[in-house]
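Read the structure below first, then the notes.
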Amino acid sequence: MPVSCPPLIRHFPSVTGAGCAPAAFSISGAGVPSIRCPVIKNMVLLSLKNCIWLSCVLRTPKACFWSTASGGLIIQSVSNDVYQNLAVEDWIHDNMDLEKQQVLFLWRNSPAVVIGRHQNPWQECNLRLLRQKNIKLARRRSGGGTVYHDLGNINLTFFTTRKKYERMENLKLIVKALKALRPQLDVHVTDRYDILLDGQYKISGTAAKLGRTSAYHHCTLLCNADKFVLSSVLKSPYRGLKSNATPSVPASVKNLFEEDPSLTSEILLDAIAKEYAVQHQIDHHITLINPADETLLPGISNKTKELQTWDWVYGKTPKFSVSTCLNMAYKGSVLDVKVNMDVKHGRIEVCNIDLPEQWLPPGLYSELVRSLTGSKFCPNETTTLAATLLRVCPQDDELHSRWSLLCENMIRLM
Amino acid sequence: LNIITTIKENHLTVCIHRVRSCGSIRFIKSKYVCVFDKSALKFSHQQLFLMHSNFSFKLSDIGEGITEVTVKEWYVKEGDSVSQFDSICEVQSDKASVTITSRYDGIIRKLHYNIDDIAFVGKPLVDIEIDASKGVASEEDVVETPPMSHEEHTHQEIKGHKTLATPAVRRLAMENNIKLSEIVGTGKDNRILKEDILNYLAKQTGAILPPSPKAEIVPPLRKTEAAPAAPKDKARKIPVPVSRPITFSGKDRTEPVTGFQKAMVKTMSAALKIPHFGYFDEVDLTQLVRLREELKPLAEMRGVKLSFMPFFIKAASLGLLQYPILNSSLDENCQNVTYKASHNIGVAMDTEQGLIVPNVKNVQVCSVFDIAVELNRLQSLGSAGQLGTSDLTGGTFTLSNIGTIGGTYAKPVILPPEVAIGALGKIQALPRFNGKGEVFKAQIMNVSWSADHRIIDGATMARFSNLWKSYLENPASMLLDLK
């Protein structure tokens with residue numbers, strides 16, 4: 001059982017910055033024989049076990065970072081910003097030569113919902129709730145379904161050349177690492193590239209991106225994510241949406257933490273990194289990288305910016321249509337108003353609102369439809385349009401209240 | 001004459017032979033073509049005799065035994081010209097998104113699938129018409145050398161132009177979906193440099209980039225050019241600019257007016273119907289600046305950021321109590337004037353999307369602190385793009401603090417259905433004379449009012465402005481009239 005592990009060292013590749021006194025731990029089975037008192041021995045062992053997350057910062061020259069001659073490289077992001085981390089994936093995919101070395105990228109994000117390349121955010125999640133709770137929405141470049149990220153979820157990206165793209169192998173590596181850590185865990189890989197716990201709970205989902213010469217396969221792993229928020233944000237309240245966007249397949253999920261409370265994200269990350277190092281015959285070295293470092297990753301800030309643009313996150317939604325009925329309560333009665341809209345590139349192409357005749361002055365109604373056509377399918381844009389149009393119509397309280405009612409209901413569709 | 005040097009010996013002789021007989025045909029010297037076996041060579045022989053041919057570019061193997069994929073997005077359409085390695089389309093298969101890139105330079109002649117169709121591996125995906133005299137890339141997957149080497153260049157024949165560009169530059173162009181043939185190179189031998197691509201992009205997006213070093217006269221270049229004529233130039237001290245024809249490769253870009261812009265068009269067109277008059281003045285804010293410094297920490301303790309705007313807004317409201325016609329609205333036919341009871345003072349805000357004007361409701365019953373709290377709320381909602389309809393409607397009077405960006409005097413446009421608006425310039429430290437005739441340092445801000453001349457006259461505006469000004473120049477006087 002005592003396996004002599006090489007010392008676990010994480011280091012920053014950047015040249016600047018104050019140096020820190022190295023504080024390397026060495027964890028090996030034969031590490032603590034000299035402590036006699038069993039209580040203290042256990043405490044020390046436990047604290048050693050828990051001190052796997054090290055903050056050893058060594059300065060290494062920049063050149064060494066990229067020109068490692070070994071067959072693999074393990075890197076971890078210091079940022080929890082989903083856009084920055086996705087940008088790192090893009091950067092590696094576009095700029096690194098994966099012929100000589102493959103890369104494993106470890107990252108975690110603060111609360112965010114990540115949709116697949118060809119998905120429809122309105123269909124996949126509760127955008128209203130996301131805005132309220134300040135949860136970010138990102139669209140990744142790989143395919144697949146929608147996932148919720150928070151710090152209790154770890155993301156793993158396996159970068160290889162296009163020829164060496166092999167998802168099953170990567171997932172089997174993860175399962176092997178988990179089983180080595182906790183042999184009693186019942187985890188296995190399905191043929192849909194999911195990892196199931198106890199045969200029924202999904203703990204990992206997969207997606208991949210293939211380019212001309214390189215490819216990557218990334219997956220999530222639920223350690224200790226907030227399941228309550230997860231289920232509420234991934235439930236879309238929008239009705240009447242019809243599209244050919246990739247749908248997500250909902251699944252019951254469970255955290256590894258629930259199975260074994262001693263498991264933390266850090267422990268899992270290290271176990272997987274260790275297994276990767278063993279399989280690729282490289283040092284158990286995890287290099288920390290800062291996704292904001294433009295000198296290390298030239299062009300990364302542009303990639304980060306692009307991932308945050310409305311045109312990418314919402315505008316890349318495949319064409320879809322909205323066909324629903326607004327139930328507007330007005331002066332004691334309920335009006336049923338049919339609404340049909342076609343949305344392409346996130347903008348309203350066609351808009352039809354079936355209002356009772358003369359409920360709004362015809363000029364104003366056609367003005368509303370004209371303004372909505374071509375504008376973004378976005379509550380903010382519609383609110384501004386509605387408020388502006390109100391300025392130029394007659395100052396009549398009755399009219400104003402009808403207008404506000406209609407616009408509020410339209411905005412709720414977005 | 002470029003000879004392929006990476007080909008094995010027995011193939012090399014064949015190539016030279018071909019060159020002699022077909023003098024006009026040029027071979028590509030390409031570091032990308034490393035594998036070039038006999039069958040491919042035979043194939044290209046046939047092509048040498050065809051000037052143009054349509055290639056059915058088949059969907060290559062995705063891996064993992066996948067046989068079919070769904071076409072999700074086309075990056076090109078029929079008639080577009082593509083370069084080697086340009087992205088053609090995006091396909092999806094079982095959670096994997098694949099970018100298909102072109103193996104050839106040419107023109108897209110046919111797209112075999114529509115969006116959401118199932119495409120099959122090994123079947124034609126697109127038809128590309130290529131000029132076969134320029135040579136054909138190997139049918140097999142090309143093996144690429146490491147992208148990090150910047151020293152090597154690639155020639156490529158594109159429609160008769162030689163386009164020189166390093167692999168890094170080609171990648172940058174590919175990432176931004178730029179055709180290299182559309183860019184004019186400013187490097188040696190018309191080589192396309194990274195700056196050329198960045199300049200092209202800047203023109204497309206209207207971004208302002210720092211001037212490219214190439215735009216200035218480069219001394220080393222001058223020296224080499226002037227060297228042969230050195231004896232003549234000895235007397236000359238002013239350098240002769242290198243005359244190079246200035247080429248501009250930007251294109252006009254037309255976009256529909258939508259969303260925020262459309263809203264602005266609507267509002268401003270309606271505002272045009274209002275006959276505006278302007279009234280300008282300057283306000284000495286020396287005392288107010290001092291007062292705000294004292295009150296800022298108090299507000300911070302309560303968790304609120306205190307700017308000058310709450311004071312300006314409250315002073316305006318006090319002024320409107322005396323001159324209610326400035327807080328009114330004229331109906332469409334100019335038959336009736338409605339004096340609004342509430343002072344809902346709008347504050348112009350500049351957001352990423354454009355100009356929005358949320359308003360603070362009922363300023364007449366708010367304290368300066370209440371106004372500050374409400375402003376904070378509106379500002380954070382505004383920057384998050386989450387302002388509601390009630391925040392954006394119902395305004396009766398507007399103040400625009402353009403001074404935070406810059407400027408002194410402005411000519412603001414009234415936002416219908418209101419009848420007046422004020423634009424506040426920046427606060428500057430300027431010398432002024434006090435009552436004793438001494439010069440002192442004053443904090444001066446300029447204000448520019450516009451009002452609807454159909455119902456408001458100059459005298460009313462002037463008196464309102466004087467009152468507003470007096471409240472701000474002597475903040476203690478606000479205490480007398482606070483309700």
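Proteins get letters first, then strands, A, B, ... in listed order; numbering begins at 1 in each. Not measured: the values here are computed from a predicted model.
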Between [X] and chain A, which part of the residue has a heavy atom less than 4.5 Å away: side chain, backbone, both or neither?
| X | value |
| --- | --- |
| B/T267 | both |
| B/T389 | both |
| B/Q261 | neither |
| B/D116 | side chain |
| B/V357 | both |

Handout entry: chain A neighbours within residues 87-95 of chain B, where any heavy atom lies under 4.5 Å away
Key =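 Near chain A, by residue number: B/E90, B/Q92, B/D94, B/K95.
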
Handout entry: CG (A/D397) with more than 12 external heavy atoms under 6.0 Å
Key =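 For A/D397, atom CG is not crowded (no more than 12 foreign heavy atoms under 6.0 Å).
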
Exercise for the section: Can you spot which of B/T393, B/L392, B/L415 makes a side chain to side chain contact (heavy atoms under 4.5 Å, CB included) with A/R391? Expected result: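 Of the listed options, the one satisfying the test is B/L415.
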
Problem - Residues of residues 130-139 of chain A within contact distance of chain B, non-hydrogen under 4.5 Å - result: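 Hits under 4.5 Å: A/R131.
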
Practice task
Might you point out which heavy atoms bring B/A270 and A/V392 nearest each other, and give the distance in Å?
Solution key: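 In this case the closest contact between B/A270 and A/V392 is CB-CG1, 3.4 Å.
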
Practice task
Check A/S142 against B/S97 and note the closest heavy-atom contact, atom names and distance.
Solution key: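 In terms of heavy atoms, the two residues are closest at C-CB, 3.8 Å.
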
Problem - Contact winner vs chain B - A/R347, A/K376, A/E367, A/E306, heavy-atom pairs under 4.5 Å - result: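 Most heavy-atom pairs under 4.5 Å with chain B: A/E367.
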
Handout entry: Top contributor to chain A interface from B/G394, B/S390, B/A96 [non-hydrogen pairs under 4.5 Å]
Key =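 Most pairs with chain A among the choices: B/A96.
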
